[in-house]
Amino acid sequence: MIKYLSTAFCVVHVLSGVNYAAKRKENTEEEMAYYRERIKQMFYHAYNSYLENAFPYDELRPLTCDGQDTWGSFSLTLIDALDTLLILGNHTEFQRVASLLQDTVDFDIDVNASVFETNIRVVGGLLSAHLLSKHAGVEVEMGWPCSGPLLRMAEEAARKLLPAFQTPTGMPYGTVNLLTGVNPTETPVTCTAGVGTFILEFATLSRLTGDPVFEDVARRALKSLWKTRSDIGLVGNHIDVITSKWVAQDAGIGAGVDSYFEYLVKGSIMLQDEELLSMFLEYDKSIKNYTKFDDWYLWVQMHKGTVSMPVFQSLEAFWPGLQSLLGNLDSAMRTFHNYYSVWRQFGGLPEFYSIPQGYTVDKREGYPLRPELIESAMYLYRATGDPTVLQLGRDAVESIEKISRVTCGFASVKDVRDHKLDNRMESFFLAETVKYLYLLFDPDNFLHNSGTDFEAGGPQGDCILGAGGYIFNTEAHPLDPAALHCCSRAQDERRELQDILLSLSEPFTNPQAQQSEEAEEDTASNKDPPSSKSSESIAVKPGVARRAPMLSCPMQPFSTRFSIHGQVFSDNM
């Protein structure tokens, strides 16, 4: 009897637990839907305010309800927000804006533009929109994703940046005039991130278009930067691109350095490139040895390893998300909670935070609505499912709405201590902050695809695209690695066809006679070189060197390690 009662109690207890879990899951799904709707409202309040008050300027000034050009003159917010429209499910507006940009944006202008910012925001935004066009219902042209109007725009913008890479080291200047090239008086000093943050966009361009110049200059810059690391394996944050001499020797993971490390990891995943991964892992050892203290990361002197700035910078908050890509989840979660404690203290992350004092740093008290901590939350939630990570998302929605919302959009926070506002809404608010927030609360979004859904594409229509494993550039523009493989494969096939046509256009040679001749050549030591006479090829000119096949990613669908586990990088790559 006791045994029966005990069994009955256990059954009731288990059933009640199941009912509670089901109810909790239902509540969680309702809550996720609630916050998705809140985030959509945030996006459209900011987006419509930009269209009504600032377009065609780069950015909205939310306090005065007007616009300004900042990083060039590209209608930058519109380019940056384009793929976010699709992620939020607005196909119609995506199609309208994609067409509008083709008609209005001109890169042949007399404007001094940041090489770094133009790459990550403009080139990255256009590439992402191009690769997502078919999913958005755009009628793509034959050969997509290896051709298309947005791809041609991205290529045009990137070509305007190429003169900056014409330095003795291959490391680019920080600024270039889009019409005339590098100004003769341009400073040769640029930040480390400004040298090492091109491989994602430029390799994508090369693989899609077949022109290797973009990937070549990005790789040369990366290799030049790699050679400058100190004896203890660290890099500073500003370097002379002419002499390779370090101008600022503070080493850390934040401002001026951050996306260099990010692109080594993401580049290794997207391109399946072990060299890039090995570079990062070497840096990671030194970062742990010299900059990590109690799951915080300080700034140290790059040659000595002595602490130079015991501060946390808001830009460093991307690091836990990057660690999750490598599977270092325990360390990532501890660091994330350190950073989250700062958010809870102020309702946002100040640009600089003194770790010993536990407070803001003078003249660095602002919060320009940056996305990095939310970005890490998205990756960590995908990797762990830990509900405590969602709390950061809730806090972010509530605090941004309460502190930054104004009549015309959302304003940057000038000072997190008193929540005074600044008259600027950077384009990354719509490109990154809102996007990562929405993806955090939308586990079924197509960008989280596990490989079950896909679409056809490619010159022959036989490529599998959109099946997951997207890689976000540092401006949160998702790139589909399968498209790189698809277009690289098509280029290889064209080269094979050229070889066949070339062989057909050459005089016929008897195979047995050719083997006999080769045997004679092996035994003879003073034979004349073979004749190079042949009829002209209809494919390529005789004697023209052929490019070696470019590296490419495996074809989709990818292993679920990319999509289900937050794109965790496995050991058996």
Side-chain angles (χ1 to χ4, degrees), residues 191-193 196 225-226 228-238 246 248-266 268 276-345 349-361 364 370 372-373 375-377 379-380 383-384 386 388-389 392 474 566 568-569:
C191 66
T192 305
L225 195 54
W226 171 251
T228 65
R229 66 195 188 283
S230 69
D231 291 340
I232 60 174
L234 297 173
V235 290
N237 59 14
H238 280 81
W246 287 102
Q249 299 186 5
D250 293 311
I253 61 171
V257 186
D258 48 359
S259 54
Y260 170 46
F261 296 137
E262 178 186 0
Y263 271 41
L264 290 177
V265 174
K266 291 182 175 179
S268 70
L276 297 180
L277 180 61
S278 65
M279 286 181 182
F280 175 80
L281 294 177
E282 283 298 311
Y283 280 129
D284 197 34
K285 291 177 186 175
S286 298
I287 289 167
K288 290 175 181 175
N289 286 338
Y290 295 101
T291 75
K292 186 178 181 180
F293 297 87
D294 294 330
D295 297 305
W296 294 93
Y297 293 84
L298 311 183
W299 289 82
V300 302
Q301 210 283 337
M302 65 176 288
H303 296 289
K304 301 176 182 177
T306 53
V307 175
S308 58
M309 291 189 295
V311 299
F312 156 62
Q313 299 178 355
S314 61
L315 284 169
E316 297 171 13
F318 83 102
W319 191 258
L322 191 69
Q323 290 292 301
S324 79
L325 293 177
L326 296 159
N328 301 330
L329 296 177
D330 290 341
S331 175
M333 285 295 289
R334 291 194 299 270
T335 298
F336 173 82
H337 283 294
N338 279 347
Y339 298 167
Y340 183 21
S341 69
V342 179
W343 181 290
R344 289 196 299 266
Q345 187 175 350
L349 290 183
E351 293 286 71
F352 282 31
Y353 178 84
S354 171
I355 296 170
Q357 296 176 351
Y359 209 61
T360 60
V361 174
R364 293 292 188 273
R370 291 198 186 277
E372 282 76 16
L373 189 59
E375 173 187 359
S376 285
Y379 279 114
L380 287 171
T384 67
D386 188 333
T388 63
V389 176
L392 179 276
T474 197
V568 174
F569 198 95

Compare all side-chain heavy atoms of [X] with those of [Y] and state whether any distance is below 4.5 angstrom.
X: Phe312; Y: Asn338; answer: no
X: Val361; Y: Pro350; answer: no
X: Val257; Y: Asp250; answer: no
X: Gln313; Y: Arg364; answer: no
X: Asn237; Y: Trp246; answer: no
X: Leu322; Y: Phe280; answer: yes
X: Thr388; Y: His337; answer: yes
X: Leu392; Y: Phe336; answer: yes

Can you give me the closest heavy-atom contact between [X] and [Y], atom names plus distance?
X: Gly305; Y: Ile232; result: N-CD1, 3.6 Å
X: His238; Y: Thr192; result: N-OG1, 4.1 Å
X: Trp319; Y: Ser376; result: N-OG, 4.2 Å
X: Ser324; Y: Leu380; result: CB-CD2, 3.9 Å
X: Thr474; Y: Ser259; result: OG1-CB, 3.7 Å
X: Leu225; Y: Thr228; result: O-OG1, 2.6 Å

Between atom [atom1] of [X] and atom [atom2] of [Y], what is the distance when rounded to the nearest 0.5 Å?
X: Ser268; Y: Leu326; atom1: OG; atom2: CG; value: 7.5 Å
X: Thr291; Y: Asp284; atom1: OG1; atom2: CG; value: 9.0 Å
X: Leu298; Y: Phe293; atom1: CG; atom2: CZ; value: 5.5 Å
X: Tyr290; Y: Ile287; atom1: OH; atom2: CD1; value: 12.5 Å
X: Glu282; Y: Leu277; atom1: CD; atom2: CG; value: 10.5 Å

(request) Begin from the C-alpha positions of Arg370 and Leu349 and carry the test side-chain contact (heavy atoms from CB on, under 4.5 Å) through to its verdict. (result) CA-CA 8 Å; Arg370 291 198 186 277; Leu349 290 183; over 6 Å; no
Return yes if a side-chain donor-acceptor contact under 3.5 Å exists between [X] and [Y], otherwise no.
X: Gln323; Y: Ser331; answer: no
X: Gln345; Y: Tyr353; answer: yes
X: Trp299; Y: Glu316; answer: yes

(request) Please determine if Asp330 and Arg334 form a salt bridge, counting it only when a charged side-chain N lies under 4.0 Å from a carboxylate O. (result)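 No.
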(message) So for atom NZ, which belongs to Lys304, do other residues, nucleotides or ligands contribute more than 12 heavy atoms lying within a distance under 6.0 Å?
(response)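 Result for NZ/Lys304: open.
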(message) Determine whether a donor-acceptor pair (N or O, by modelled atom type, separation under 3.5 Å) exists between the side chain of Ser230 and the backbone of Met302.
(response)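 Pair found, side chain donor or acceptor close to backbone of Met302.
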(request) Could you walk me through whether Glu262 and Val265 pass side-chain contact (heavy atoms from CB on, under 4.5 Å), step by step? (result) CA-CA 5 Å; Glu262 178 186 0; Val265 174; over 6 Å; no
(message) Using the rule given for ring pair (Phe, Tyr, Trp, His ring centres under 6.0 Å), can you reason through Trp226 versus Tyr283, listing the C-alpha separation, both sets of side-chain angles and the distance that settles it, and then say yes or no?
(response) CA-CA 10 Å; Trp226 171 251; Tyr283 280 129; 5.2 Å; yes
